[in-house]
Structure formats: C-alpha cells, structure tokens
Amino acid sequence: MKKAVVVGVDGSPESLAAADWAAREAALRGLPLRIVHAWLWQPLDIPLVQNRETEAQAARAVLREAEDQVVGRYPELPVSCRVLPETAVVALLAEAERAELLCLGSRGHGALLGFLLGSYGQQVIAGAKGPVVSVRAYDGEYPVRENGEVVVGQQGSPEESADVLGFAFEAASVRGVPLRAVRAWSLPPIYTWSASLALADAAGGLEPFERKALREALAPWREKYPEVQVTEHVEMGSAGQVLVEESAEAQLMVVGRRARQAPIGTRIGSAAHAVLHHARCPVAVVPHA
C-alpha cells in the first residue's frame, strides 16, 4: 500500500495553501493525498455554552473546504479526509510516522502560525519521524517557481546526510529540475586542533576539504539519479545564512535535523530554524541519524 502525502488543515488561508502544495506534491510522486484536521472535544470548566455536534460539524467543514479546493484543481488525485480525535501535536506526529511526508502551513512573516501556534509547530517538526514540509504562504498563496531549483543543505558525513540527500534528489527528479547542493563551512577557533583539521591539511586546505566532502556525499545519489543535474556550492559562512540566501529563487529547500533527542528535549537545529523562519520557498525538514 502506497504511503500518502499528508497535510494538516485548520481552515486558515495558510493551511489551504499548504493543502494545494501537498496535492501538487502527491500528484508529482504518484501518491494519494490525505487531509487531516485535529479536533478533540474538550468540555470547559467555565460557564460557557458548548455544543459538541456544532463543533464537530465545524471540524468536518474545515476538511470539506480543503477537499473541494484540492479536487477542483487536481481531479484525478486520490484524496481522503479525516478528523483526528487528538490534540494537534499528538495527531500530527502520528501521521508523520506513517506518511511519505507531512505538510503544514505557515505565515509569510514570523514564526509558524495557524493551528500549530508557535511552539506547537516546532514540536511537530522537531519530533516527527518523517519529513515535514513547511509551506510559507503570503496572503494565502505560496511562491510557485516551476523551473526553480531544489536546494539541499549537506552537512556531516555521507552516512549522516544520506536521508536528506535522498529526499532532495527524489524531489528534483520528480520535478525535472536541477539540484543545488550547498555545504557551508567556517573557520575553527585558532586554538582548536582535531583529526579533521589534519585531513583538511592533507586535502590542501579547508575549502578543498569541504568540496571533497560534498562531492563524496553526493556520489552515490548522482549514480542513483543520473538524470538530475547537480550544482555543488561550497561557501564560507553560517549554514543558516548561506541557505536562506540560496532560497531566493528555489522552489523547495531541503534541510536536515538530528533525529536523536537532546538532553533538554527535541531541537530543530540552528540551520533548519533559520530557513523555516526566513527562506522564501517551502522548506522540507528531514530527520537523520
């Protein structure tokens, strides 16, 4: 059974834009689309009139609106809808675990908003076991750059970046567009010495070492996706800043985050945090080892 592309909606213009992006992605990948809305009946301990059936109807109406929009634009796409009887974070984390990817909407300026307000959005992105795409909408519309590149940030060893690069190469392949692989680096503190610096010296310097590391990480994916034209981009600077600059004309940005839990809880990572808030295109965050 094929995995689905899943999108969470709440009736906001941002979530409807995310539904449109998710539908297009599902069509490109030949996958079904699943539209979900998290709603849990929670009686309030205050003197306020509540009607469970009225609220349930409102939840179903949110799904109908998104479904009608998607079916109207993608009539051949298999679409299913479901109200999830859970809190948003719990429901969406469960969906992300069994989906091909999970899609969420966000405002054009500022942090993630909508039905995932502030820290809730970060909880889903930081805790999901599969890729999560944040679609940044401006006045309910997201930038559409049909011929724009897919941009991917590569860090660490080939093994550490395998899931991130695999997602990016597939995204570029199904779109028929080039891939720009970006590796940012910075000078180490003057007092630091490590085995990696010894390797850099052997490679002829830090920048040649970084270029070699990127080339080696890309090699198996170039072999698997020979049709994808790849541009290698190595630049000195913070990863977040370099990636945000490269997002200007991209149609999708792909970044990674470590899947393991930090001592103080789940974290997105500085580079992913930067592009989620400032990139000018949808951003896919892919967990990796």
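Note: hydrogens, waters and symmetry copies are ignored here, and every other heavy atom, side chains too, is used.
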* When you look at Phe169 and Val152, which way does the side chain to side chain contact (heavy atoms under 4.5 Å, CB included) test go after all the steps? -> CA-CA 9 Å; Phe169 268 86; Val152 59; 6.0 Å; no
To check you understand the geometry: which heavy-atom pair defines the closest contact between [X] and [Y], and what is its length?
X	Y	value
His277	His273	ND1-O, 2.9 Å
Val286	Val254	CG2-CG1, 3.9 Å
Ala99	Val6	CB-CG2, 3.5 Å
Leu252	Ala284	CD1-N, 4.2 Å
Val275	Val283	O-CG2, 3.6 Å

Quick one: does [X]'s side chain get under 4.5 Å of [Y]'s, heavy atoms only?
X	Y	value
Val7	Val133	no
Leu179	Tyr225	no
Glu149	Val177	no
Ser247	Cys281	yes
Val228	Val150	no
His233	Arg183	no
Val244	Arg280	yes
Glu227	Ser173	yes

* To do: Might you confirm whether atom CD of Gln251 has over 12 heavy atoms from other residues, nucleotides or ligands at distances under 6.0 Å?
  => yes
* To do: Decide if atom CG of Asn147 counts as having more than 12 heavy atoms of other residues, nucleotides or ligands within a radius under 6.0 Å.
  => no
* Structure fact -> When Leu92, Val135, Val9 are each screened for side-chain contact (heavy atoms from CB on, under 4.5 Å) with Leu104, the one that passes is Leu92
Using residues 214-224 as the side-chain source, report each donor-acceptor pair under 3.5 Å to any protein atom, sequence neighbours left out, with the distance given to one decimal.
| from | atom 1 | to | atom 2 | distance (Å) |
| --- | --- | --- | --- | --- |
| Glu216 | OE2 | Lys212 | NZ | 2.6 |
| Arg222 | NH1 | Glu232 | OE2 | 2.6 |
| Arg222 | NH2 | Glu232 | OE2 | 3.4 |

For residues 17-35, which side-chain N or O atoms pair as donor and acceptor with protein atoms under 3.5 Å away, sequence neighbours left out?
| from | atom 1 | to | atom 2 | distance (Å) |
| --- | --- | --- | --- | --- |
| Asp20 | OD1 | Arg73 | NH1 | 2.8 |
| Asp20 | OD2 | Tyr142 | OH | 2.9 |
| Arg24 | NH2 | Glu146 | OE1 | 2.8 |
| Glu25 | OE1 | Arg175 | NH1 | 3.3 |
| Glu25 | OE1 | Arg175 | NH2 | 2.4 |
| Glu25 | OE2 | Arg29 | NE | 2.7 |
| Glu25 | OE2 | Arg29 | NH2 | 3.3 |
| Glu25 | OE2 | Arg175 | NH1 | 3.4 |
| Arg34 | NE | Glu95 | OE1 | 2.8 |
| Arg34 | NH2 | Glu95 | OE2 | 3.1 |

